[in-house]
Peer 1: 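I'd like to ask you about the structure that follows.
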Amino acid sequence: MPSNDARTLLQAAVPTAVVGAVAAAISGGVAGGKGALGAVVATIVVILFMGIGLAVLQRTARSLPHLFQAMGLMLYTAQLLLLFIFVAAFQDTTMFNPKAFAITLVAATLVWIGAQARAHMKAKILYVEPESDKREKLENTGSKP
């Protein structure tokens, strides 16, 4: 994974993990061990789903740049739908507290999306060719600007 991709993943995963740890502590205090377990499971699910989605999106950006925007919209829609399915599937579970699971899932997802957006805004990735490099290439080929 290129350094920009790894940096973006790290800048999104760390705040999400911190929110998950805080949610686990709060859920543990409010709902006991099952609440903490629900928060931990939700945090892991969010980090896995969103991390895999980010990797797929970065791969698409490199190989099929013309599909990047459509792929991003489709990917986020699919991720949110899958997270909704997770909440629906585990709403009656006795393994962990479903309320703590659902609240942590939503909070961690929102933090991930915000942190990922911030990481992309802060990244200094050029999306146009600088003017000086363009002139040098034109001069080397004998063309006029």
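Since we're looking at a predicted model, the values are computed, not measured. One-based numbering along the sequence shown.
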Peer 1: In Å, rounded to the nearest 0.5 Å, how long is the span from CD of Gln116 to CE of Met121?
Peer 2: 12.0 Å

Peer 1: Does the side chain of Val46 come within less than 4.5 Å of Leu105's, by heavy atoms?
Peer 2: yes

Peer 1: Kindly give the heavy-atom pair with the smallest separation between Gly53 and Leu75, and that separation in Å.
Peer 2: O-CD2, 3.0 Å

Peer 1: Any idea which heavy atoms bring Gly35 and Asn97 closest together, and the distance?
Peer 2: CA-CB, 3.6 Å

Peer 1: Nearest 0.5 Å, what's the OG1-CD distance between Thr60 and Gln69?
Peer 2: 13.5 Å

Peer 1: Would you call Met50 and Thr109 a side-chain contact if the rule is heavy atoms closer than 4.5 Å?
Peer 2: yes

Peer 1: Rounded to the nearest 0.5 Å, what separates atom OG in Ser27 from atom CD1 in Ile103?
Peer 2: 7.0 Å

Peer 1: Indicate, with yes or no, if Phe49 and Trp112 share a hydrophobic cluster defined by side-chain heavy-atom contacts under 4.5 Å among Ile, Leu, Val, Met, Phe, Trp and Tyr.
Peer 2: yes

Peer 1: Using atom types as modelled and distance alone, determine if a side-chain donor or acceptor of Lys34 lies under 3.5 Å from a backbone N or O of Met95.
Peer 2: no

Peer 1: Can you find a heavy atom in the side chain of Leu9 that is under 4.5 Å from one in the side chain of Gln58?
Peer 2: no

Peer 1: Quick check: closest heavy atoms across Ile47 and Ala13, and the distance to 0.1 Å?
Peer 2: CD1-O, 4.2 Å

Peer 1: Show the nearest heavy-atom pair for residues Phe101 and Ala42, with the distance to one decimal.
Peer 2: O-CB, 3.3 Å

Peer 1: Check whether Leu48 and Ile85 end up in the same hydrophobic cluster, where Ile, Leu, Val, Met, Phe, Trp and Tyr are linked by side-chain heavy atoms less than 4.5 Å apart.
Peer 2: no

Peer 1: Nearest 0.5 Å please: distance from the CE atom of Met71 over to the OH atom of Tyr76.
Peer 2: 11.5 Å

Peer 1: Working to the nearest 0.5 Å, report the span between OG1 of Thr77 and CG of Leu82.
Peer 2: 11.0 Å

Peer 1: Does Val19 sit in a hydrophobic cluster with other residues, and if so which ones, taking ILVMFWY side chains as linked at heavy-atom separations under 4.5 Å, directly or through other members?
Peer 2: Val111

Peer 1: Please report the shortest heavy-atom distance between Gly20 and Thr43, naming the atom on each side.
Peer 2: CA-OG1, 3.1 Å

Peer 1: Under the side chain to side chain contact (heavy atoms under 4.5 Å, CB included) rule, collect the residues that match up with Ala115, sequence neighbours excluded.
Peer 2: Ala12, Pro15

Peer 1: Rounded to the nearest 0.5 Å, what separation is found between the CD1 atom of Ile26 and the OG1 atom of Thr104?
Peer 2: 8.5 Å

Peer 1: Honestly curious: do Ile52 and Leu57 fall in one hydrophobic cluster under the side-chain, below-4.5 Å linking rule?
Peer 2: yes

